[in-house]
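Note that the numbering runs from 1 along the sequence shown for the chain.
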Amino acid sequence: MSLRSHGTAAFFLLLLCSTMIPAAAQTAKKASVGGKEFDAAAAAQARRFLEEGRETFRFDTFGSEDFWGGKLKLHEAIAGEKLGGKGPGLSPKKALELGLKVDLNAVPKDVAAALNKGKVDLDDPASTLLLLKANAVVGVTGFFGDDGKTLTSVGIQCAVCHSTVDDAYAPGIGRRLDGWPNRDLDIGAIVGLAPDLTAFTEMLQISEADVKKAVAAWGPGKFDAELNLDGKAFRPDGKTAATLNPPAFGLAGVNNHTWTGAWGNVSYWNAYVGNLEMHGKGVFYDPRLDDAEKYPVAARTKQGHKQDKEDRITAKLPALHFYQLSLPTPQPPNGTFDSAAAEKGKALFNDKAKCSTCHVPPLFTEPGWNLHTADEIGIDDFQAVRSPDGRYRTAPLRALWNMEKVHKGGFYHDGRFATLEDVVEHYNDHLKLDLSTQEKDDLIEYLKSI
């Protein structure tokens with residue numbers, strides 16, 4: 001090959017390489033987007049997302065006060081007649097009975113001191129307003145007039161259902177436990193307090209009495225997040241169609257967030273709940289809700305095409321998602337389970353009992369498409385068929401040792417199995433495992449250890 005040919009080949013090789021190498025890498029004088037600078041930017045974003053996501057989870061109403069206060073006028077029922085509202089009002093004692101929680105760290109020092117001395121009247125709605133003004137009621141924000149005393153509206157946050165407290169001071173009063181489901185919260189009873197239920201009667205096209213009947217049936221720790229879609233308030237057997245508030249911790253790496261399948265991941269559900277359940281201001285899109293046969297209420301009210309002029313939700317979804325995925329699964333305290341028995345149970349879990357077939361360690365759900373038919377798990381399909389693909393999700397096994405808070409109300413989407421013993425017995429029968437009494441006991445000890 002001639003010298004000229006070598007030169008021509010070298011030129012084209014140089015030209016080819018220059019098109020494949022990013023411009024920033026070709027010119028050393030330009031700012032770098034890799035290396036330590038990139039790592040630092042990623043770490044800074046993680047810190048920012050953690051802080052912003054926590055703030056959103058705990059305190060952002062997304063503008064839901066226009067619904068809960070503006071339409072339902074729930075603030076009037078909370079304040080009561082003596083404070084410019086309607087009815088007897090909601091005292092702290094009654095609020096705690098309904099499962100609302102008080103953040104001990106947010107209680108003003110003077111109020112805490114008076115509380116310790118027994119000088120706070122827990123039967124007076126004025127004390128509830130005092131806690132709301134201090135932003136001490138977990139998951140609920142009170143809005144006050146110019147006088148600083150008149151409650152003019154209320155909004156809710158993610159934390160109202162997906163946080164509780166550690167009861168450090170008294171039952172219902174303590175330090176926040178984000179991601180722990182509030183299985184004491186009687187959402188239906190709280191909704192039933194509202195002076196104006198027109199928003200629900202018009203959406204569902206049923207009477208106020210039927211609305212009250214539907215929400216009253218939910219009971220503590222349950223909520224029907226699909227009533228607004230299909231209008232099915234009750235199962236064929238007459239029981240409520242509501243499901244238990246799920247834990248929001250330990251979800252990193254878990255696909256499909258809800259009890260039933262194919263709705264989407266955590267971020268989808270945040271958008272869904274923020275827009276369609278909390279009734280915040282935002283944008284939500286899901287054309288599956290146009291199916292008038294499956295989702296008659298949603299199709300008629302165009303809930304899959306929500307386009308509010310003001311969007312107070314969408315921009316907050318990334319950080320909110322990040323914060324929720326950061327929430328760790330609470331570990332079992334010492335003495336919660338028998339270690340020796342748990343070791344035997346672990347072997348059973350991964351072999352004879354067939355648990356790990358679906359509950360794959362360490363996610364304890366399937367990596368990938370973690371959905372199953374009702375027949376596969378041996379239960380009815382009522383709740384499954386309300387979902388887009390008619391399946392149940394393999395629930396990730398989390399904090400099974402805790403029956404006082406996390407799993408209060410039972411296991412499965414509707415709490416049909418009251419104890420772990422009931423769950424194990426169900427699968428022993430359904431899968432014909434032929435586990436002995438001792439093997440069942442050992443398996444339960446392992447379940448409590450994870």
Side-chain angles (χ1 to χ4, degrees), residues 38-62 138-139 156-166 175-183 223 225 243-278 280 282 284 286 312-332 358-371 387 392-400 402 405-407 413 450:
F38 182 84
D39 291 344
Q45 175 170 279
R47 288 192 296 271
R48 177 169 58 83
F49 274 8
L50 185 67
E51 293 171 1
E52 291 179 0
R54 178 170 54 227
E55 186 73 12
T56 297
F57 184 87
R58 291 182 176 181
F59 303 116
D60 205 314
T61 65
F62 303 134
V138 175
I156 60 174
Q157 298 106 22
C158 304
V160 72
C161 290
H162 301 291
S163 285
T164 186
V165 296
D166 64 2
R175 298 175 291 258
R176 287 176 180 264
L177 295 171
D178 283 352
W180 292 49
N182 188 344
R183 292 286 177 89
F223 176 70
T243 59
L244 289 165
N245 291 335
F249 53 64
L251 292 176
V254 176
N255 190 31
N256 290 309
H257 173 51
T258 57
W259 293 115
T260 52
W263 283 114
N265 63 12
V266 178
S267 195
Y268 172 92
W269 205 243
N270 286 339
Y272 176 95
V273 172
N275 280 283
L276 304 186
E277 303 299 347
M278 293 173 63
F284 181 75
D286 189 342
R312 293 176 55 177
I313 298 174
T314 305
K316 294 162 185 172
L317 293 176
L320 178 59
H321 189 191
F322 186 93
Y323 177 62
Q324 287 167 308
L325 295 186
S326 76
L327 297 173
T329 299
Q331 297 303 301
C358 299
H359 298 282
V360 183
L363 289 179
F364 293 103
T365 186
E366 289 102 340
W369 201 243
N370 52 344
L371 302 177
S387 72
Y392 289 107
R393 178 195 67 157
T394 300
L397 306 182
R398 300 287 186 265
L400 300 180
N402 188 298
K405 292 184 179 294
V406 178
H407 297 288
H413 56 283
I450 57 179

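- In this structure, the side chain of R393 engages the main chain of T258 through a donor-acceptor pair within 3.5 Å.
- Closest of all the heavy-atom pairs between M278 and I156 is CE-O, 3.1 Å.
- Contact detail for N370 and N256: the closest heavy-atom pair is OD1-ND2, 3.1 Å.
- How far CD1 of I313 is from CG of L320: 10.0 Å, rounded to the nearest 0.5 Å.
- For the side-chain hydrogen bond (donor to acceptor under 3.5 Å, both in side chains) with K316, the lone residue among D60, N270, T56 that qualifies is D60.
- Taking the six-membered ring where the residue is Trp, W263 and Y268 present parallel rings, their angle staying beneath 30° rather than reaching 60°.
- Checked by atom type and distance alone, the side chain of N255 never pairs as donor or acceptor with a backbone atom of W369 at under 3.5 Å.
- Side chains of F364 and V254 form no contact here, defined as non-hydrogen atoms less than 4.5 Å apart.
- Not counting sequence neighbours, the partners of E277 by the side-chain hydrogen bond (donor to acceptor under 3.5 Å, both in side chains) test are Y272.
- Between L251 and Q324 the shortest side-chain heavy-atom distance does not fall below 4.5 Å.
- Counting heavy atoms from C-beta outward, P181 and P247 have side chains that approach closer than 4.5 Å.
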Run the side chain to side chain contact (heavy atoms under 4.5 Å, CB included) test on R183 and L244 for me, step by step, so that the C-alpha distance in whole Å, both residues' side-chain angles and the decisive distance to 0.1 Å come before the verdict. CA-CA 7 Å; R183 292 286 177 89; L244 289 165; 3.8 Å; yes
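- Other residues, nucleotides and ligands contribute more than 12 heavy atoms inside 6.0 Å of the CZ atom of R48.
- Annotation for A399 and H407: closest pair O-CD2, 3.0 Å, computed over non-hydrogen atoms.
- Of the inter-residue distances, the one linking T394 atom OG1 with L363 atom CG reads 11.5 Å to the nearest 0.5 angstrom.
- Here the side chains of L177 and F249 are not in contact, with every heavy-atom distance at 4.5 Å or above.
- Between D178 and S163, some side-chain heavy-atom pair lies under the 4.5 Å cut-off.
- The distance from the CZ atom of R58 to the OH atom of Y323 is 4.5 Å, given to the nearest 0.5 Å.
- Inter-residue side-chain proximity for V360 and P367 is flagged as met; some heavy-atom pair is nearer than 4.5 Å.
- With sequence neighbours excluded, no residue forms a side-chain hydrogen bond (donor to acceptor under 3.5 Å, both in side chains) with Y392.
- A 4.5 Å side-chain heavy-atom check between N275 and F62 finds every atom pair outside the cut-off.
- Counting heavy atoms from C-beta outward, P330 and R398 have side chains that stay 4.5 Å or more apart.
- Residues Q157 and F57 come closest through the heavy atom pair CB-O, 3.8 Å.
- The two residues H162 and A248 come nearest to each other via the heavy atoms CB-CB, 4.2 Å.
- Contact record, F322 with L50: CD2-N, 3.8 Å, taken as the closest heavy-atom pair.
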